[in-house]
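Here, residue 1 is the first one in the sequence, and each next residue gets the next number.
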Amino acid sequence: NNGSATAETFRTNTSLTYNPSTTTLNLPNLAVSGSSDFSGLLLEEVEITAGKLSDNQNIELADGMVHLFTTAESTTFTPNIIFNGSTTLNSKMAVGQSIAVTLIVTANASGYIANLQIDGSNQTVNYVGGSAPSSGGSSGVDQYSFNIIKTAANTYTVIGQCLKTS
């Protein structure tokens with residue numbers, strides 16, 4: 001239709017769920033074209049892992065775009081960005097689409113990112129400032145942010161940044 005949804009649309013579509021106590025509307029696989037206005041507070045789930053990234057290197061984006069690891073790192077690590085255990089990120093992204101992934105690790109100077117993989121393949125990361133990290137922070141957390149742009153099948157331009165809070 002003209003881009004609007006009516007109460008009838010929601011009532012007859014069994015994949016939609018509405019929780020009136022929280023005023024939450026679940027729209028699986030919502031695709032929006034044109035302009036959008038998200039007024040108010042925009043929230044995002046964080047996947048919190050009680051462990052180290054070096055012990056949990058598969059980053060499943062089906063669990064969210066922000067991942068926090070609560071145990072201090074002790075070695076270098078190579079995160080592998082995937083959609084989930086059975087679906088590749090490549091199959092979920094079209095050429096010309098981009099995503100932003102944030103990894104937050106509990107700092108330890110000897111623990112830092114050594115490389116980045118997408119669907120098990122090493123990627124060239126273009127780091128802001130020109131240099132890949134060579135150490136982790138001494139306390140607090142280290143935040144790794146990646147903008148991933150799909151430029152062809154299984155081909156990505158990756159821009160990365162490491163922020164140390166210590």
Side-chain angles (χ1 to χ4, degrees), residues 17 19 21-30 38 40-166:
T17 58
N19 183 339
S21 66
T22 62
T23 63
T24 302
L25 178 62
N26 181 14
L27 302 167
N29 301 312
L30 174 66
F38 295 98
L41 185 63
L42 184 60
L43 301 172
E44 183 173 356
E45 294 286 326
V46 175
E47 177 68 13
I48 300 173
T49 301
K52 302 184 291 186
L53 195 153
S54 58
D55 292 336
N56 301 277
Q57 295 192 70
N58 280 339
I59 307 300
E60 295 193 7
L61 298 185
D63 295 330
M65 305 305 282
V66 179
H67 292 251
L68 170 66
F69 299 86
T70 61
T71 302
E73 276 302 334
S74 57
T75 187
T76 58
F77 45 89
T78 300
N80 180 34
I81 309 292
I82 59 176
F83 180 72
N84 66 27
S86 60
T87 305
T88 64
L89 181 59
N90 181 67
S91 69
K92 289 294 200 177
M93 291 181 72
V95 172
Q97 290 183 325
S98 70
I99 57 173
V101 178
T102 302
L103 308 175
I104 303 166
V105 300
T106 302
N108 178 333
S110 63
Y112 62 94
I113 191 168
N115 202 346
L116 180 75
Q117 295 182 338
I118 298 175
D119 294 333
S121 296
N122 286 336
Q123 301 296 311
T124 298
V125 178
N126 301 286
Y127 278 98
V128 173
S131 298
S134 58
S135 66
S138 58
S139 64
V141 295
D142 295 340
Q143 176 180 299
Y144 296 89
S145 301
F146 300 98
N147 289 89
I148 299 170
I149 304 162
K150 185 173 179 181
T151 57
N154 296 300
T155 306
Y156 306 89
T157 295
V158 181
I159 303 165
Q161 182 174 22
C162 174
L163 299 173
K164 300 175 189 177
T165 63
S166 60

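In this structure, OH on Tyr156 lies 11.0 Å from CG on Leu116, to the nearest 0.5 angstrom. Put simply, CD1 on Ile113 and OG on Ser134 are 13.0 Å apart, with the number rounded to the nearest 0.5 Å. Atom CG of Asn115 is separated from atom OG1 of Thr76 by 10.0 Å, given to the nearest 0.5 angstrom. Taken from OG1 in Thr102 to CG in Asn147, the straight-line distance is 8.5 Å, to the nearest 0.5 Å. Within the model, atoms CG of Leu89 and CD1 of Ile148 stand 6.5 Å from one another, a figure rounded to the nearest 0.5 Å.
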Derivation of the side-chain contact (heavy atoms from CB on, under 4.5 Å) call for Phe146 and Leu103: CA-CA 9 Å; Phe146 300 98; Leu103 308 175; 4.1 Å; yes

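Between the Ser139 side chain and the Ala107 main chain, no donor and acceptor come within less than 3.5 Å of each other. In this structure, Asn126 contributes its side chain and Val158 its backbone to a donor-acceptor pair below 3.5 Å. No donor-acceptor pair under 3.5 Å is formed between the side chain of Lys92 and the backbone N or O of Ala62.
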Show the atom names and distances, to 0.1 Å, of all donor-acceptor pairs under 3.5 Å that link a side chain in residues 41-51 to residues at least two apart or in another chain.
none

Show the atom names and distances, to 0.1 Å, of all donor-acceptor pairs under 3.5 Å that link a side chain in residues 78-85 to residues at least two apart or in another chain.
| residue | atom | partner | partner atom | Å |
| --- | --- | --- | --- | --- |
| Asn80 | OD1 | Asp119 | N | 3.3 |
| Asn80 | OD1 | Gly120 | N | 2.7 |
| Asn80 | ND2 | Asn58 | OD1 | 2.9 |
| Asn84 | OD1 | Ser86 | N | 2.9 |
| Asn84 | OD1 | Ser86 | OG | 3.3 |
| Asn84 | OD1 | Thr87 | N | 2.7 |
| Asn84 | OD1 | Thr87 | OG1 | 3.3 |

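In this structure the side chain of Lys150 never reaches within 4.5 angstrom of the side chain of Ile99, judged on heavy atoms. Residues Lys164 and Pro133 have side chains not in contact (no heavy-atom distance under 4.5 Å, counting atoms from C-beta outward).
Closest heavy-atom contact between Ser54 and Glu73: OG-OE1, 2.8 Å. Closest approach of Ala72 and Lys52 over heavy atoms only: O-CD, 3.1 Å. Heavy atoms only, all atoms of each residue included: Ser166 and Ser138 are closest at OG-N, 2.7 Å.
By the side-chain contact (heavy atoms from CB on, under 4.5 Å) test, Leu163 pairs with Gln143, Gln161, sequence neighbours left out. With sequence neighbours left out, the ring pair (Phe, Tyr, Trp, His ring centres under 6.0 Å) criterion links Tyr144 to Phe77. Applying the side-chain contact (heavy atoms from CB on, under 4.5 Å) test to Val141 and every residue at least two apart in sequence or in another chain returns Ile104, Thr165. With sequence neighbours excluded, the residues satisfying side-chain contact (heavy atoms from CB on, under 4.5 Å) with Thr155 are Thr151, Ala152.
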